[in-house]
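For reference, the structure is listed below as structure tokens.
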Amino acid sequence: MTGVRPLPALGVGSVIVMLAALPVAGLPAFYESFLYLMFYWIALATSWAILSGFAGYFSFGHAAFFGAGMYATAHLTVKMEVPFLAALPVAAGVAALLAAGIGAVVFRLRRLRGELFALLTLAVTFIVATIILNTPIDGGAGVLTSSVPLPRVISSSPSGTLYLLGLIVCVGSLAIAWWVSRSRLGMGLFAIHDDEDVAEVKGVPTFTYKLLAFTLSGAIAGVVGGVHATYVGFLTVSETFGITVPLYVVLMSVLGGARHWAGPAVGAVLIAASLYTFTSGDQATIGRGIVALVLIVAILLLPEGIVPTVLKQLRRRPVTRATPPDAPIATQAAPKRSDAPVLVVQDVRKSFGGVHALRGVSLEVRQGEILGLVGPNGSGKTTLINMITGHFPLDGGSIRIDGQEIGHQPAHAIAQRGIARTYQIPRPFAGLTVLDNVRLAAMFGGTGLSGAALDAEAHHWLAFTDLAGKAASLPAELNLHERKFLELARALVTRPRLLLLDEVLSGLNPAEIDSAIALIRAIRDQGASIVFVEHLMRAVVQLSDRVVVMNEGATLASGNPREVMRDPRVVAVYLGKAHVA
């Protein structure tokens, strides 16, 4: 996302104009047809990637939206005599409504991810095909579209019109994918691809974004199908809804790099050129063999796809990085300590099957304090943090921030109310740079910043956590200490009202622990109230104003850290009854 340069507008525009002028150059019809098919596959593969490549929801059902567009156009133009160009928006709308309807149901179910989502979309294709086959839309006889009148745009030949429409749809789909990849929507989709649960907790409205991407993907596929309905001349359900279209679309996108906006286009050109260069007899077999060989080599050598791999190699070359421009940072005065509660947790309960993880937990966090939350493994500390941040729904009780109930709000809405967290095991977005990880948290965390101010805020907190020199690195290039501090930077960039630190010191050496303790004190000085989950008692006693001890999903003791640690019940929990004085 960051560091993406604007497309060279003059060069791109020149290529588009040159392609648009080809029909008047007197080329043989074969070349028009060949280039049209290139445009067709590029647009179709790109539309698939907007959901499946960017957000990681792998679909085998793209033929459903493509076919819906084809048959909508055929039905309108052949049986209702609607002008061809007027039918195309309807084709897009039908496919978009189909995708939105499926997504509105499927995306509410967490378990329908990965292979389950892929199989479900494939099943949807069969359902749509069956409906069309057994209704007057097709009726089993097919639909003849070769007689549909086409407007004459460039040349006297209808093939020139189809060529131009194919070019327009191709350029439009690439422009949409490029815009999405650089937008707030694209940043959210990339986060969903890497870790959907963390994306939601960081403020990304995952349901809405997935639904938007699915609808947009379906709409583009519908338009492509609408144009292609006239190109093929005769529609049959078996050809339209077969496995060929989704299979090639997936292969093209994966080969080129589905996560990059230009990747599917590169893959489509390579595969389509191989298929259509060899079109008959033994040559067709050679073409399919070349495609298979290219895919095998790509899977072995370029698992991320051609475009991402090339770009990664280019980034490894030594470059001079400009220092980000100074911009005013939105500062906030540290509030004074008070007894006013920021967070109130009352009688919170949570069960997983027959396991009672939380048994009526109650606590409060006051303005400007550090509350230590301790207890043996399995006592419910992390579960409580998950409940506060909306990762799990409440079974009972209430959670209030500044007096307002948040216990039944979605996680992204809670994040935007000023609650941020870290994870015991760091969970950065693996495909985003360190800087983009922090930018995303600022973008969706309710800061209201954008543009240069957003970048400046992200750089400020990277410097605060001593990660400024790692801004362009991927999380996999960081050590554990740096990944822990990246978790902190992502939380701090939202300037949270309440910060939940889940074992942020675990796995660090003594020097790193001292550095982290100093950093946590500085965070409190910035104005945040902190819940500090930790097993390292030295740090708990040093940092905490109050301590709450949990055991078996309930609160066992609370109060001054040193006094609580001498409580016989606490000693018994940690060391056993034999050690109680």
Do [X] and [Y] meet the cation-pi criteria used here (NZ or CZ under 6.0 Å from the six-membered ring centre, within 45° of the axis)?
X	Y	answer
Lys350	Phe352	yes
Arg439	Phe444	no
Arg259	Phe54	no

For residues 416-426, run the donor-acceptor check on the side chains, cut-off 3.5 Å, and write out each pair with its distance to 0.1 Å, sequence neighbours left out.
from	atom 1	to	atom 2	distance (Å)
Gln416	NE2	Gly203	O	3.2
Arg417	NH1	Gln404	OE1	3.3
Arg417	NH2	Gln404	OE1	2.3
Arg421	NH1	Asn386	OD1	2.5
Thr422	OG1	Asp502	N	3.2
Gln424	NE2	Glu503	OE1	3.2

Out of His535, Glu534, Lys484, which residue meets the side-chain hydrogen bond (donor to acceptor under 3.5 Å, both in side chains) rule with Ser506?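 Going through the options one by one, the only one that passes is Lys484.
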
Look at the side chain of [X] and the backbone N and O of [Y], then say whether any donor-acceptor pair between them is shorter than 3.5 Å.
X	Y	value
Arg184	Met443	yes
Arg483	Leu478	yes
Glu369	Leu371	no
Glu482	Asn479	yes
Asn551	Leu556	no
Ser217	Ala213	no
Ser52	Ala49	no

Is the ring pair Trp261/Trp178 parallel, tilted or perpendicular, if the boundaries are 30 and 60 degrees?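 Ring orientation of Trp261 relative to Trp178: perpendicular.
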
We want to know whether Glu200 and Tyr209 form a side-chain donor-acceptor pair, criterion being a heavy-atom distance below 3.5 angstrom. no

With distance as the sole criterion, is a donor-acceptor pair present between the side chains of Thr206 and His412 under 3.5 Å?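 No, because no side-chain N or O of Thr206 sits under 3.5 Å from a partner of the opposite role on His412.
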
Going by the rule side-chain contact (heavy atoms from CB on, under 4.5 Å), which residues pair with Val269 if we only count those two or more places apart in sequence or in a different chain? Ile42

Under 4.5 Å between any side-chain heavy atoms of [X] and [Y], yes or no?
X	Y	result
Leu486	Val438	yes
Phe532	Leu373	no
Phe464	Leu488	no
Leu343	Glu364	no
Ile192	Tyr57	yes

For [X] and [Y], which heavy atoms make the closest approach, and how far apart are they?
X	Y	result
Ile388	Ile414	O-CG2, 3.6 Å
Ser173	Thr46	O-CG2, 3.6 Å
Leu499	Ala491	CD1-CB, 3.5 Å
Ala458	Leu435	CB-CD1, 3.7 Å

Criterion side-chain hydrogen bond (donor to acceptor under 3.5 Å, both in side chains) on Asn509 and His481, from CA distance to verdict: CA-CA 9 Å; Asn509 61 42; His481 173 73; over 6 Å; no

Apply side-chain contact (heavy atoms from CB on, under 4.5 Å) to residues Val531 and Leu363 and explain how you reach the verdict. CA-CA 11 Å; Val531 175; Leu363 57 83; 5.8 Å; no

Find the distance between [atom1] ([X]) and [atom2] ([Y]) and round it off to the nearest 0.5 Å.
X	Y	atom1	atom2	result
Ile520	Asp525	CD1	CG	12.0 Å
Glu304	His260	CD	NE2	12.0 Å
Phe207	Leu212	CZ	CG	10.0 Å

Is it true that atom CG of Asn560 has more than 12 heavy atoms of other residues, nucleotides or ligands lying nearer than 6.0 Å?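 Buried by this count: over 12 neighbours within 6.0 Å.
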
